[in-house]
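In what follows, a structure is listed as structure tokens, so that the remarks can point back to it.
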Amino acid sequence: MKRLAFTLIFIFFLLPAHAASDLDKRLVIKGEITPNTVTELKIRLESLVPLEELEFVDSRGAPQYATKIIKEFGNIIIEKKLKTFARGRCASACAVLFLLGQHPTFLVSDSKMPTHLMIHAGFHAKTNEIAYGDTDAEFKKIELVTGGKIPVSFLEKVFDAKNPNGGIFIFKDPFLTISGRKRILFCKGDEKFLPRTCDEISTYTFEKLGIAVVE
């Protein structure tokens, strides 16, 4: 009996102390993305539990220091080949970071806000003019990471928008417009009170863009 007990104890110490589940390997980021979010990501990467996934939940993006955050945060996502998930709104910087991840995946929203991306051009804070250089750099990274599935030619449509309220909208579930239920739309930015009048981008599908959906 003593020999059996010793054997069991020996086997116990040979086993890993904790087998990380899929959720343990995921960092959930809720709301705005700030410099503190980047710090949190770095701290998480230094922990003993491996990090493989990021989940963005109802994020309007990075209201301040967006260019710097996208560059630093995005480089980490690319280097570590992190998988990305979106739940609810994922707009502006959030959309860029989501698309830089491996196997970007839409999840079911747990709020009244439907799961969707909102991609727009970067704008200079002082002049409110489009930051073509920074935006193009982000789009080229997305094209490279996705192996061309999400080309710059598709993303550059955002330059036709009149303001930051316009851009490309990609909905997990079909969004009701005046032309029927659509998933991928372009809005000029002046449809603030009439979002259902945005135009469909019919040449692309989730499959073509490489975006997965979990029901």
Side-chain angles (χ1 to χ4, degrees), residues 29 33 38 53-54 56 59-86 89-106 115-172 174-175 177 182-191 195 198-213:
I29 298 169
I33 301 169
V38 181
E53 303 174 349
L54 296 175
F56 297 98
S59 176
R60 293 178 179 271
Q64 294 182 327
Y65 314 109
T67 301
K68 182 178 179 180
I69 288 174
I70 289 174
K71 184 176 181 180
E72 188 173 8
F73 204 143
N75 286 341
I76 293 174
I77 292 175
I78 294 171
E79 179 186 349
K80 301 298 182 181
K81 296 184 177 179
L82 301 178
K83 296 179 181 178
T84 51
F85 298 82
R89 176 198 290 116
C90 182
S92 192
C94 177
V96 173
L97 297 175
F98 171 79
L99 294 176
L100 287 174
Q102 299 290 308
H103 310 294
T105 302
F106 279 153
T115 295
H116 71 281
L117 298 185
M118 188 280 189
I119 310 164
H120 67 73
F123 283 78
H124 294 290
K126 293 183 178 180
T127 64
N128 204 35
E129 295 178 346
I130 294 178
Y132 286 99
D134 292 335
T135 305
D136 270 326
E138 295 164 8
F139 289 171
K140 287 176 181 177
K141 283 185 180 179
I142 292 173
E143 182 178 60
L144 183 62
V145 167
T146 61
K149 286 187 175 181
I150 305 180
V152 171
S153 58
F154 166 72
L155 297 169
E156 284 181 335
K157 180 67 176 173
V158 301
F159 294 139
D160 294 334
K162 297 180 178 180
N163 54 55
N165 293 320
I168 297 172
F169 289 73
I170 304 176
F171 288 87
K172 170 186 172 291
F175 182 78
T177 71
K182 311 294 181 182
R183 276 196 166 100
I184 304 176
L185 303 170
F186 169 73
C187 298
K188 295 178 182 177
D190 55 2
E191 307 94 342
C198 297
D199 299 322
E200 180 188 15
I201 302 176
S202 59
T203 51
Y204 286 90
T205 63
F206 282 9
E207 184 177 5
K208 282 186 177 181
L209 296 173
I211 299 175
V213 175

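Heavy atoms only: backbone and side chains are in, while hydrogens, waters and symmetry mates are out.
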For Phe154 and Thr203, what are the C-alpha separation, side-chain angles and deciding distance, and is it a side chain to side chain contact (heavy atoms under 4.5 Å, CB included)? CA-CA 10 Å; Phe154 166 72; Thr203 51; 5.9 Å; no
Got Ile150 and Tyr204 here, is their nearest side-chain heavy-atom distance under 4.5 Å? no
Do Thr84 and Leu100 have side chains that get closer than 4.5 Å, going by heavy atoms? no
Minimal non-hydrogen separation, Phe186 against Ala161, with atom names: CZ-N, 3.7 Å
Heavy-atom closest pair, residues Ile119 and Ile170: CD1-CD1, 4.2 Å
Restricting to non-hydrogen atoms, name the atom on Leu82 and the atom on Glu53 that form the minimum distance, rounded to 0.1 Å. CD2-N, 4.4 Å
Can you name the closest pair of heavy atoms from Glu143 and Pro151 and give their distance? OE2-CA, 3.4 Å
Take Leu99 and Thr146 through the test side chain to side chain contact (heavy atoms under 4.5 Å, CB included) and record every step on the way to the result. CA-CA 8 Å; Leu99 294 176; Thr146 61; 5.6 Å; no
Which pair of heavy atoms, one from Lys81 and one from Gln102, lies closest together, and at what distance? O-CG, 3.5 Å
Side chains of Leu97 and Ile77: does their closest heavy-atom pair fall under 4.5 Å? yes
Assess the residue pair Thr115 and Val213 against the criterion (side chain to side chain contact (heavy atoms under 4.5 Å, CB included)); give the C-alpha distance rounded to whole Å, side-chain angles, the decisive distance to 0.1 Å, and a yes or no. CA-CA 10 Å; Thr115 295; Val213 175; over 6 Å; no
Would His120 and Thr135 count as a side chain to side chain contact (heavy atoms under 4.5 Å, CB included) if you check the C-alpha gap in whole Å, the side-chain angles of each, and the deciding distance to 0.1 Å? CA-CA 9 Å; His120 67 73; Thr135 305; over 6 Å; no
Is it the case that the ring center of Phe139 lies less than 6.0 angstrom away from the ring center of Tyr132? no
So do Glu200 and Thr177 actually touch side chain to side chain, heavy atoms under 4.5 Å? no
Lys182 NZ: over 12 foreign heavy atoms closer than 6.0 Å: yes
Validation row: Cys94, Ile33 side chains within 4.5 angstrom (heavy atoms): yes
What one should report as the nearest heavy-atom pair of Lys162 and Asp190 is NZ-OD2, 3.0 Å
Decide yes or no for His116 and Lys172: does some side-chain heavy atom of the first lie under 4.5 Å from some side-chain heavy atom of the second? no
Kindly write out the residues that satisfy salt bridge (Lys or Arg N to Asp or Glu O under 4.0 Å) with Lys141, not counting sequence neighbours, or none if the list is empty. none
